[in-house]
Amino acid sequence: MNSYDSLGNNGAGPSGTAAVCHWLKHMKLYRVVLIVVVCSLTLPFVFYNLLVHEESSVQHNDIHRTRSQLFTFEDVSPLKAADLKLRIDEMLRMKGTVSLELRDLESRRQKLQSDIGLYNQKIDELKQELARQQTELDRLKISVEQAQVAQREAVLRNTPELALPRALFSDSLPVEMRPIGAEQRRACKMSTCFDHSRCSLTSGFPVYLYDPDTTSVVSEGYDIDGFLKTTIKLTLGYNAHLTTDPKKACVFVVLVGEALSEHEVLKNNRYNTAQGGGSNRSIADSAALHQSSLNVTRLRLLPYWGGDGRNHVLLNFARREIGPGTGNMLQGRTMDTGRAMLVQSSFEESQLRVGFDLIAPPILGPPGGDVWQECAPMLPARRKYLLSFQGELHGQNGTMGVAGPRGTDDTESDTVDEFIIEHLKEMSSGRTQDYFMLQFECVPATEQRSPSGLREWSLCGTDNSRKAVLKESTFALLLAPGGGSTSSTLLQARLYEALRAGAIPLVLGGDQVQLPYAETIDWRRVVISLPKARITELHFLLRAIPDADLLTMRRQGRLVWERYLSSVQSTVDTIVASLRNRLGIPPKPIPSVVAHSVFNASFVPLKSDPVIDTEPEESLGPIEPPYPSPAFRRNYTATLVQSREMWNDWADPFALYPQLPFDPVLPSDAKFIGSHMGFRPIGKGAGGTGKEFGESLGGNYPREQFTIVILTYEREQVLMDSLSRLYGLPYLHKVIVVWNSPKPPLEDLRWPDIGVPVHVVRAPRNSLNNRFLPFDAIETEAVLSVDDDAHLRHDEILFGFRVWREHRDRVVGFPGRFHAWDVNSLDSWNYNSNYSCELSMVLTGAAFIHKYYTYLYTYTLPQAIRDKVDEYMNCEDIAMNFLVSHVTRKPPVKVTSRWTFRCPGCPVSLSEDDTHFQERHKCINFFTKVFGYTPLLNTQYRADSILFKTRIPHDKQKCFKFI
């Protein structure tokens, strides 16, 4: 039986299922594949025929025909063409209807999409508004927290709020007291011979001057030098401490010299020594010098002498008599000057009462004004002559070598002086590459004698000839006087001339003498003082001093000379400041410039809502009420804690400032232990990132705000736009607009209401110097100076403010510039604004400075510089950079990557003029000439926020989003 039969039999019987399974089990695989292929080819044709048959049964009026129905018309007969046309028309009509419906649906879809877009935009705006409101809410919460902290501090405050001290004066004249004896007079000290009850700490140190024209204390046949009488009255009249009420006076000043004989008054020779080769003094003149020019009887009859002369100051200036032994009206005499202090340039060692009397330089300069023209350039560091000296020794019996009776000390002095001279001559003529200018005899010779018998080196030549030599000298030799003199007029004159010419004074015998104002001036930074025994090591020491130290001492010497020695005004001010410094009395407050409003008192300017620019959505700080910087808190401690710095670094002990950029900083833990008042540490001390950073100022100083000063000239719309951008700026105290135009603002001009006061100040005249006037309306230490067209974001301003708080003594700002050496001329500087990896200036068109520097710019900076600014209508920013770098010896600090700051589309400013850069080249070189050197220093870094370009976790924020 074959397999098919088997299959049929098995399928018919009851055991068919088992038979099929048996058949499949023994069936070949290729047969199965063949069956599957046949089925897959046959089934599609079967289904296709079924579908065609089904479609043909549908009626002709069915509008829902399938595509397969069209196949039935392929072989249509001509008899059905009319029906076909009807069908086509019907289909076209349906197509038009569907097209209209589709267009309607499309328009509705587009409208819906437009509405969706508008709603999405509205949603985005609401989200932005929500974020803005949330940011504002966060700022308000921070502000509330800060206000609560300030309230708690006010409740817990246990120290008074200090301000300008209220003056407390004496209300009576000095009472009459019994004169003191000679021993008491020689032992006078401030504790025994001075009445402190007339000089309270808050008195301001009032000084009364006896009019030298009406009150004379000199003997018959003498008269005070007319130049001195006039200039002392004039210069002391400019001093803030002068009073005309003797009841209020702390000290009484009496001008007792320079007193000259009547025929000497007619002469006009400043130096008694040979100005043109020597002048002989008559026997009558020499004899007159041995007579006292001071009339003690007249002295005691002074109306406020009080019997013993307490709190009186006797001024004995030397001006025309600068010869050996001059300038000491009490030399070799015993005169009863009571408890009065003596101020003069020459003292014997036994005569000077240290800490009571005062050594002052002779009057050798003009009454006042700029003196920079008298000075030589500070560079190069090493000049033609290593050491110079011009003089001739005079002793008891004439010049050195003249025989006469002498004691043991005189003989020893002769031997030492001879050895010194011989060694100096050998040093200058030895095998060395250094040049010396050493002249120990005047040519032509002088016949002048020392009327006092003191051994001293007189001056040779004229003032101009000596100046020419000193300007070529690195060091100037000063030889100490002999005969027990601790200071002499000639020594002070040599010191004056050396410092004026930039020659570093070398005092040989410095352990025997005292220099002027030694209580306050640190002469070790100015003068090389050596004992005479070091003469053999002198050359080695001078060669061992590096250029940096040479220039540092030369700069310090010029600073001391300009501020304390150069003119009558500086000498008088320094004497008053020295006496006041002894008593620990603070100086008078420096005057501010009154900010007169450009508007009349009855005029109220129109206000408008500010146009708010889109600012980064970040909390930059709380919105605080106005908080002025505390002023005059260190009235009594600054002169104690920082007295040396005040006299030697800042060279400004003459006025009391509201604040200083050099105030000491508390240690970090003091902010949490006992001295927390005013501090706002980040995260209350725990630190933090962007959120906590934006809530507090942090840093090393208590909380504070800043003032913006805008200088403008007839660009009202630009100014209004700049003011509008300041709306909502944290830590802003007020805005000062310096109106430089002679035309007042338009009455209908609308000023934006930015949430802080805007003071529009009328400038006295159109000058760029007005940018740095110390207006009394500026009540903060931090001053942001900006141009009216400067466009700065809030985050940039706030970051600059935070950086300035860490560099309060420097210029901190945005646009950096540098001074470039002219490689073509090799003798001048050029102003350069190109992109550079090194800068030395930050333009004050967008920079933070301390208000202290506005006082210095207005009252201390040489007038010639401010005049040059007015001449060019340019360079005030360069002048401020020169000033700050000169005071601090530090470069400015540039913040952020911004190189320019002009707003797009603003009108052309002065900086766009063709001559702008040429004038700035000239300014740098002129300012260098005035200062004697270029104080600008280079820096190669800028400041960015700490987390800038730092990868941080997603749940943290950076300090600033874009900085």
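All values below come from the heavy atoms of this structure, side chains included, with hydrogens, waters and symmetry mates left out. Owing to the predicted nature of the structure, the values given are computational and were not obtained by experimental measurement.
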Subject >> Chi angles and distances behind the salt bridge (charged side-chain N to carboxylate O under 4.0 Å, His left out) call for Arg866, Glu876 >> reply: CA-CA 8 Å; Arg866 295 194 296 273; Glu876 85 287 355; over 6 Å; no

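- The ring-ring contact (aromatic ring centres under 6.0 Å, His included) check on Phe818 picks up nothing, with sequence neighbours excluded.
- The ring of His886 has its center closer than 6.0 angstrom to the ring center of Phe931.
- Every residue meeting the ring-ring contact (aromatic ring centres under 6.0 Å, His included) condition with Phe389, not counting sequence neighbours, appears here in chain and number order: Phe440, Trp457.
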**OP:** Let me see the working for Arg920 and Asp877 under salt bridge (charged side-chain N to carboxylate O under 4.0 Å, His left out), right down to the final yes or no.
**Re:** CA-CA 10 Å; Arg920 292 173 86 79; Asp877 47 1; 2.8 Å; yes

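- Between Ser485 and Ser488, the side chains place no donor N or O within less than 3.5 Å of an acceptor N or O (distance only, hydrogens not considered).
- A 6.0 Å sphere centred on CD of Gln863 holds more than 12 heavy atoms belonging to other residues, nucleotides or ligands.
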**OP:** Would you check, one step at a time, whether the test side-chain hydrogen bond (donor to acceptor under 3.5 Å, both in side chains) holds for Gln344 with Asn328?
**Re:** CA-CA 7 Å; Gln344 60 184 17; Asn328 188 353; 2.8 Å; yes

Original post:
Can Arg494 and Glu497 be said to form a salt bridge (charged side-chain N to carboxylate O under 4.0 Å, His left out), step by step?
Top reply: CA-CA 5 Å; Arg494 288 185 181 275; Glu497 292 182 350; over 6 Å; no

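- Heavy atoms of other residues, nucleotides or ligands lying less than 6.0 angstrom from CZ of Arg543 number 12 at most.
- Under a cutoff of 6.0 Å and an axis angle of 45°, Lys384 and Tyr435 do not form a cation-pi pair.
- Going from atom CG of Asn581 over to atom OG of Ser643 covers 4.5 Å, rounded to the nearest 0.5 Å.
- With values rounded to the nearest 0.5 angstrom, Gln556 atom CD is found 11.5 Å from Ile504 atom CD1.
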Subject >> Candidate pair Glu349 and Leu352, rule side chain to side chain contact (heavy atoms under 4.5 Å, CB included), full reasoning >> reply: CA-CA 6 Å; Glu349 185 177 0; Leu352 177 64; over 6 Å; no

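- Aromatic ring orientation, Phe917 versus His921: tilted (interplanar angle from 30° to 60°).
- Inspection of the Asn830 and His819 side chains reveals no N or O donor paired with an N or O acceptor under 3.5 Å.
- In this view, Tyr857 and Phe772 satisfy the ring-ring contact (aromatic ring centres under 6.0 Å, His included) rule, not counting sequence neighbours.
- Ring pair Phe927/Phe882: centre-to-centre distance below 6.0 Å.
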Hey, can you pull the donor-acceptor pairs under 3.5 Å for the side chains in residues 527-538, sequence neighbours left out?
unit_1	atom_1	unit_2	atom_2	d
Lys532	NZ	Asp417	OD1	3.4
Arg534	NH1	Glu537	OE1	2.9

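- Within the cation-pi definition used here (under 6.0 Å to the ring centroid, within 45° of the axis), Arg817 does not qualify as a partner of Tyr831.
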Original post:
So Asp434 and Arg382, salt bridge (charged side-chain N to carboxylate O under 4.0 Å, His left out) or not? Walk me through it.
Top reply: CA-CA 10 Å; Asp434 297 319; Arg382 301 185 183 275; over 6 Å; no

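- Using modelled atom types, one finds no donor on one side chain facing an acceptor on the other under 3.5 Å when comparing Thr462 with Asn464.
- The CG atom of Asn316 lies 8.5 Å from the OG1 atom of Thr489; values are rounded to the nearest 0.5 Å.
- Here Arg563 pairs with Asp652 under the salt bridge (charged side-chain N to carboxylate O under 4.0 Å, His left out) rule; sequence neighbours left out.
- Looking only at atom types and distance, the side chain of Thr928 has no donor-acceptor partner in the side chain of Asn925 under 3.5 Å away.
- Ring centers of Trp647 and Tyr564: under 6.0 Å apart, within the cut-off.
- Judged purely by atom type and a 3.5 angstrom limit, Tyr941 has no side-chain atom pairing as donor or acceptor with the backbone of Glu838.
- Taken to the nearest 0.5 Å, the CE atom of Met646 stands 11.5 Å off from the CZ atom of Phe654.
- Looking at Arg525 and Asp649, a side-chain N of the basic residue comes within less than 4.0 Å of a carboxylate O on the acidic one, giving a salt bridge.
- Rounding to the nearest 0.5 Å gives a distance of 7.5 Å between CZ of Arg383 and CD of Glu472.
- For the side chain to side chain contact (heavy atoms under 4.5 Å, CB included) criterion with Leu495, the lone passing option out of Pro361, Pro362, Pro516 is Pro516.
- No donor-acceptor pair under 3.5 Å is formed between the side chain of Thr939 and the backbone N or O of Pro891.
- Using a 4.0 Å cut-off between charged side-chain N and carboxylate O, Lys922 and Glu919 make no salt bridge.
- Under the rule for a ring-ring contact (aromatic ring centres under 6.0 Å, His included), His807 has no partner lying at least two apart in sequence or in another chain.
- Separation of atoms CG (Leu861) and CG (Leu883) is listed at 5.5 Å; rounding is to 0.5 Å.
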